[in-house]
There are 2 protein chains.
Amino acid sequence: MSSVILPHAAIPKYYQLATILQGKIEAGEWAPRSPIPSERQLELMYDVSRPTIRQAIEYLITQGLLYREHGRGTFVSPEKLQKGLRELTSFTEDLVQRGIRPGQVIRSIERITPPEGVLQRLELPVGSTVIRIDRIRLGNETPIGLQVSYIALAPGQEITIEDMEKTGSLYRILEEKFNLIPTEADETLEVTLANREEANLLEINEGSPLLLSERLTFTQNRRPVEFVHILYRGDRYRYYTRLKR
Amino acid sequence: MSSVILPHAAIPKYYQLATILQGKIEAGEWAPRSPIPSERQLELMYDVSRPTIRQAIEYLITQGLLYREHGRGTFVSPEKLQKGLRELTSFTEDLVQRGIRPGQVIRSIERITPPEGVLQRLELPVGSTVIRIDRIRLGNETPIGLQVSYIALAPGQEITIEDMEKTGSLYRILEEKFNLIPTEADETLEVTLANREEANLLEINEGSPLLLSERLTFTQNRRPVEFVHILYRGDRYRYYTRLKR
DNA sequence: AAGTGGTCTAGACCACCTT
DNA sequence: AGGTGGTCTAGACCACTTC
């Protein structure tokens, strides 16, 4: 059995155990809606204390993989519910799951002084500069959305087009280069109609309906890092989300 | 000091403590971004063990009221982030926060055999019946949305118009009458255009842009209970959501 | 060095569900 | 009655931050 919890390891025991349990679920060893071993059994199986077992289980519950029923047991979630929030809300993952090839064209990356409304949302003083990334999002090589991101980084902290092309993901850059971890976001969605320029870029008629998303993303310290404005083609895009509690 | 943790009470200690801390935050006793007392200090202040303190803090973190920084302390969230998911996603709460008077017209409540697609999503066998509730949602007395809910209840488990008028909330009825607690939902949003009937009911022109939301709600046992289809007027409604992790 | 949160133990008793 | 998860204790040591 490869499933052994290492003591004194860099990785916490509860996390090692969570990884093992997750592996068994994903391998189909425990079917959806069937119970996993009880907390006392897991104590014996892995030689860790019950609070640690519970911490591992609680982690997997927040991830959507397990649910508990008092007096009955702990059960594997139905497959549909096993996807995390991250996968459900990432543009790229979204398309991949629907069998569409995602892509992007980076139109520009610049340090600029944004509109006042953007500075207010990012809680920056008037006159501050931010990095603006202007992109066209593609699905199967056709335009699906126009995305403009404003990122609150002080002068000297820069993001280059090489960074974006190497990793492909803005969030990876924020995490690895600046230790900024997006943990929370407020998003609004509404309907609007395409103006001339938007229609040209999205290859649709002027006046076509669009889905407008505005998102403010916060880091682990609850500081705003990013304000994003995205216009999606109404006929090519559907927004997915999962609500909890 | 009224803040005393009662032993042997029906309410768990961690929850009593969480309520006390929440009260202090909402009363402004601890300002946003300022630290609350350390876990060791809280141990002495309330005479409960540290794991219990931590459980209370973890609960308030999931509620969005606090955040932690390793080695620095536990801090009060900025006010904007103190709203829970529930408030952000309830139609009624949504409008109230924007200073709009919410209302509804119940067009019908019936037990019917729904379209096959609805039965599939509710994981019911072909030919099953469900309860359909057909409503018009109002904001300041004008129509904002058309909502059709399909609720997976066995024959004999019924919802009456009196139930709806007494509580006003479908979720309250599900919880109090049937012990079904909605805990998770998958939602999609897309753009569509109003047909003749929809335009009439919403008092807009045919062909006006609408926001279409489809939501599948799951109970504490991860069983689907409700499928909802809502058409919102594009010019009168904006959808808010909060993403975590 | 001192204070903070992060992890972990080895128990205990209670509430809920099934048989 | 026996098994399950829910709550709680009184400690311990570690990792990170600040002084």
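These values consider heavy atoms only, across backbone and side chains, with no hydrogens, waters or symmetry-generated copies. Residue numbers begin at 1 in each chain, while the letters A, B, ... track the order of the sequences.
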Please tabulate, for the side chains in residues 25-36 of chain A, all donor-acceptor contacts under 3.5 angstrom to protein atoms that are two or more places apart in sequence or on a different chain.
unit_1, atom_1, unit_2, atom_2, d
A:Glu26, OE2, A:Gln22, NE2, 3.1
A:Glu29, OE2, A:Lys24, NZ, 3.4
A:Arg33, NH1, A:Tyr67, OH, 3.2
A:Arg33, NH1, B:Asn221, O, 3.1
A:Arg33, NH2, B:Arg222, O, 2.5
A:Ser34, OG, A:Ala31, N, 3.2
A:Ser34, OG, A:Ala31, O, 2.5

Self-check item: Sequence-distant partners of B:Arg121, side chain to side chain contact (heavy atoms under 4.5 Å, CB included), two or more places apart
Solution: B:Glu214, B:Leu216, B:Phe227
Exercise. State which residues pass side chain to side chain donor-acceptor pair (under 3.5 Å) with A:Thr52; sequence neighbours excluded, sorted by chain then number.
Key: A:Ser49
Exercise. List in numerical order all residues of residues 68-77 of chain B for which some heavy atom is under 4.0 Å away from an atom belonging to DNA chain C.
Key: B:Arg68, B:Glu69, B:His70, B:Gly71, B:Arg72, B:Gly73, B:Thr74
Self-check item: Close residues, residues 36-43 of chain A, relative to DNA chain D [heavy-atom separation under 4.0 Å]
Solution: A:Ser38, A:Glu39, A:Arg40
Quiz prompt | First of B:Glu58 and A:Ile53 reached from the 5' end of DNA chain C, by closest nucleotide | solution = B:Glu58
Practice problem: Please state how far atom CD1 in B:Ile57 lies from atom C1' in C:dT4, giving the value in whole angstrom units. | Solution: 11 Å
Quiz item: On DNA chain D, which is the earliest and which the latest nucleotide, 5' to 3', with an atom closer than 4.0 Å to a heavy atom of chain A?
Solution: D:dG3 to D:dT7
Quiz item: A:Ser213: what forms a side chain to side chain donor-acceptor pair (under 3.5 Å) with it, not counting sequence neighbours?
Solution: A:Glu187
Exercise. Return the set of residues passing side chain to side chain contact (heavy atoms under 4.5 Å, CB included) with B:Arg40 (not counting sequence neighbours), or none when no residue passes.
Key: B:Ser38, B:Glu43, B:Arg50
Quiz item: Taking only residues two or more places apart in sequence or in another chain, which ones pass side chain to side chain contact (heavy atoms under 4.5 Å, CB included) with A:Ile181?
Solution: A:Glu175, A:Asn179, A:Thr183, A:Gln220
Show which side-chain atoms of residues 122-129 of chain B pair as donor or acceptor with protein atoms under 3.5 Å away, not counting sequence neighbours.
unit_1, atom_1, unit_2, atom_2, d
B:Glu123, OE2, A:Lys80, NZ, 2.9
B:Ser128, OG, B:Pro125, O, 2.6
B:Thr129, OG1, B:Arg111, NH1, 2.8

Practice problem: In whole angstrom, give the distance that lies between atom OH of B:Tyr14 and atom P of C:dC14. | Solution: 18 Å
Quiz item: How would you list, by chain and number, every residue that makes a salt bridge (Lys or Arg N to Asp or Glu O under 4.0 Å) with A:Lys177, sequence neighbours excluded?
Solution: A:Asp163
Practice problem: Specify the separation, in whole Å, of atom CD of B:Gln220 and atom P of C:dC17. | Solution: 11 Å
Practice problem: Could you tell me whether the side chains of A:Tyr14 and A:Glu58 share a donor-acceptor contact shorter than 3.5 Å? | Solution: no
Quiz item: In chain order, what residues pass the side chain to side chain contact (heavy atoms under 4.5 Å, CB included) check against B:Arg98, with sequence neighbours excluded?
Solution: B:Asp94, B:Leu95, B:Ile100, B:Tyr237, B:Arg238, B:Tyr240
